[in-house]
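Just below is one structure, and these are the notes that go with it.
What you see is a predicted model; the values in this text were computed from it and never measured. Position 1 is the first residue of the sequence; numbering continues from there.
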Amino acid sequence: MLRRLGRHGLRLIRADDPETGWLVRIALTVLLIWSLALYPGVESSFVRPALLVSFACWVFWMVADQRFPVPARSCLAAAALAPAVVSALPHNGAAHLFLYGALFTFVLLPRMPLWAILGLTGGLVVVLLVGLTLAGHGPTALLTQPALILLVVLFSLHRREHRLRAEQTAMLLEQTSRTQEAQARAAALDERARIARELHDVLAHSLGALGVQLEVAEAQLTERGDVGAAAERVRRARRLAADGLTEARSAVAALRVDVPQLAQALDNLVAVHRENFAAEVTLRIDGTPRSSPPGVEVSLLRTAREALTNAARHAPGAPVSIRLHFGPTTRLTVENPVPPSGCPDEGYGLIGARERLALVGGTLDARVVDGVWRVIAEVPG
């Protein structure tokens, strides 16, 4: 129980304002009561009424500051002015305690307007000068007392400005942290959407086509008994599965942090194609290679793979030329001779490549130009 109360008390202390909070107010109130009751000179006919007025204004400010801030802070200013009237009298230590305690608190209060602080300071200086003159004090006192008031106010304003800057810095850091968290969350959502899109494209296309081939093969076996046609469908399904596995690996590679840059990835793709199909493939890179977002690089790489696959399927053994140009846009061009059987139709592979490029703001054009089948993929930046 005591430990719980202790923890609760520590939380309250940490949450309290270290300069104008309740702990400081209570401590000052106790000190004012002590000085009012025991300090020498309070019994003077002028001092005690002034200090009682100051104490009453102080108590009203403590009680009403949250609900009625304007009247309460006006009373706090009066709590500083009342002891200033009698501070020139002998044995005036209690009056100075009331004066500087109320003045410190008034200046350090949050959101206290500067005009109110300057007004109270001017009023205190005038009251002190009048009181010191009437009490017969010399030039030293006339200079020292107002100068001390000004020093107290300047120190308090400096401290207040420091606190305001610290609070603004803390708020700015908190806002920056929240903004960074929001940006990180948005980036994570974008990345998840990209992952979902990549996997959906691969799985929907490959598994859908694979399912169709297997259904046809099953129908040919069970309804027609055509083993040869069913075997051909199974071989097609196997090729689709292999192509789907390649696409899935490409999608996974796009999510890795160590994906090679586009130029290097194309060089690797060309080397694999030469080895698998014994075809002549030339790769030319123009401009200064630069990094692009993963989605852009994967879309261009898949377009190149699809063009090489079509070249191997429709024009086996024919030379293939690949050109990657880095300029205002990134442009990939793949060319191979048109096969004797004629121009190949644009299959699902190129349609999927066009859709992927459209998602990253790119375009794809596939056509015959001067007896050459040309595929051009272009993305901004």
Side-chain angles (χ1 to χ4, degrees), residues 4-39 42 47-87 94-128 149-150 152-175 178:
R4 186 182 305 171
L5 290 175
R7 288 198 298 266
H8 183 66
L10 285 176
R11 284 197 297 270
L12 290 178
I13 292 174
R14 291 172 180 171
D16 196 27
D17 191 324
E19 295 175 348
T20 61
W22 280 105
L23 290 177
V24 176
R25 299 181 187 190
I26 293 172
L28 281 175
T29 302
V30 172
L31 189 59
L32 294 179
I33 293 174
W34 172 85
S35 64
L36 189 61
L38 302 176
Y39 200 86
V42 173
V47 174
R48 178 173 286 276
L51 296 188
L52 286 175
V53 171
S54 177
F55 185 74
C57 292
W58 174 270
V59 172
F60 179 81
W61 165 73
M62 287 187 60
V63 174
D65 186 41
Q66 297 296 327
R67 298 184 60 184
F68 309 104
V70 175
R73 297 187 178 191
S74 299
C75 283
L76 182 60
L81 285 169
V85 176
V86 296
S87 61
H96 284 165
L97 180 61
F98 273 77
L99 167 60
Y100 290 112
L103 179 59
F104 262 118
T105 306
F106 187 88
V107 178
L108 290 175
L109 280 177
R111 296 179 298 277
M112 180 63 70
L114 183 60
W115 64 264
I117 296 174
L118 296 178
L120 177 59
T121 303
L124 287 174
V125 170
V126 171
V127 170
L128 283 175
I149 292 292
L150 293 176
V152 168
V153 172
L154 289 176
F155 173 80
S156 302
L157 285 175
H158 181 271
R159 175 61 187 166
R160 171 178 143 148
E161 185 67 20
H162 176 74
R163 288 187 57 196
L164 290 176
R165 289 183 180 179
E167 292 175 359
Q168 291 173 356
T169 301
M171 292 177 59
L172 181 61
L173 289 175
E174 183 179 357
Q175 292 176 356
R178 291 179 180 177

Please examine the side chains of [Y] and [X], heavy atoms only from C-beta on, and report whether any two atoms are closer than 4.5 Å.
X: L99; Y: I149; value: yes
X: V153; Y: L120; value: no
X: F104; Y: L28; value: no
X: L52; Y: R48; value: yes
X: F155; Y: V107; value: no

Could you tell me whether the side chain of S54 and the main chain of A50 form a donor-acceptor pair under 3.5 Å?
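Between the backbone of A50 and the side chain of S54 there is no qualifying donor-acceptor contact (under 3.5 Å).
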Tell me which pairs pass side chain to side chain donor-acceptor pair (under 3.5 Å) where either residue lies in residues 115-128, with sequence neighbours left out.
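Output for this query is empty, none listed.
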Are L109 and W61 close enough, and set up right, to give a side-chain contact (heavy atoms from CB on, under 4.5 Å), and what steps lead you there?
CA-CA 12 Å; L109 280 177; W61 165 73; 3.8 Å; yes
Nearest heavy-atom neighbours spanning [X] and [Y]:
X: G101; Y: W58; answer: O-CZ3, 4.2 Å
X: F60; Y: C75; answer: CD2-SG, 3.4 Å
X: A78; Y: P83; answer: O-CD, 4.4 Å
X: A84; Y: L128; answer: O-CD2, 4.0 Å
X: F98; Y: L51; answer: CE2-O, 3.6 Å

Using 0.5 Å steps for rounding, measure from the [atom1] atom of [X] to the [atom2] atom of [Y].
X: L114; Y: L118; atom1: CG; atom2: CG; answer: 4.0 Å
X: I117; Y: L157; atom1: CD1; atom2: CG; answer: 5.0 Å
X: L76; Y: M62; atom1: CG; atom2: CE; answer: 11.0 Å
X: E161; Y: Q168; atom1: CD; atom2: CD; answer: 7.5 Å
X: M112; Y: T105; atom1: CE; atom2: OG1; answer: 10.0 Å

Which pairs, with at least one residue in residues 70-84 and sequence neighbours excluded, count as a salt bridge (charged side-chain N to carboxylate O under 4.0 Å, His left out)?
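Salt bridge (charged side-chain N to carboxylate O under 4.0 Å, His left out) check on residues 70-84 returns D65-R73.
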Please identify each residue that fulfils salt bridge (charged side-chain N to carboxylate O under 4.0 Å, His left out) with R67, with sequence neighbours left out.
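Result, salt bridge (charged side-chain N to carboxylate O under 4.0 Å, His left out) vs R67: none returned.
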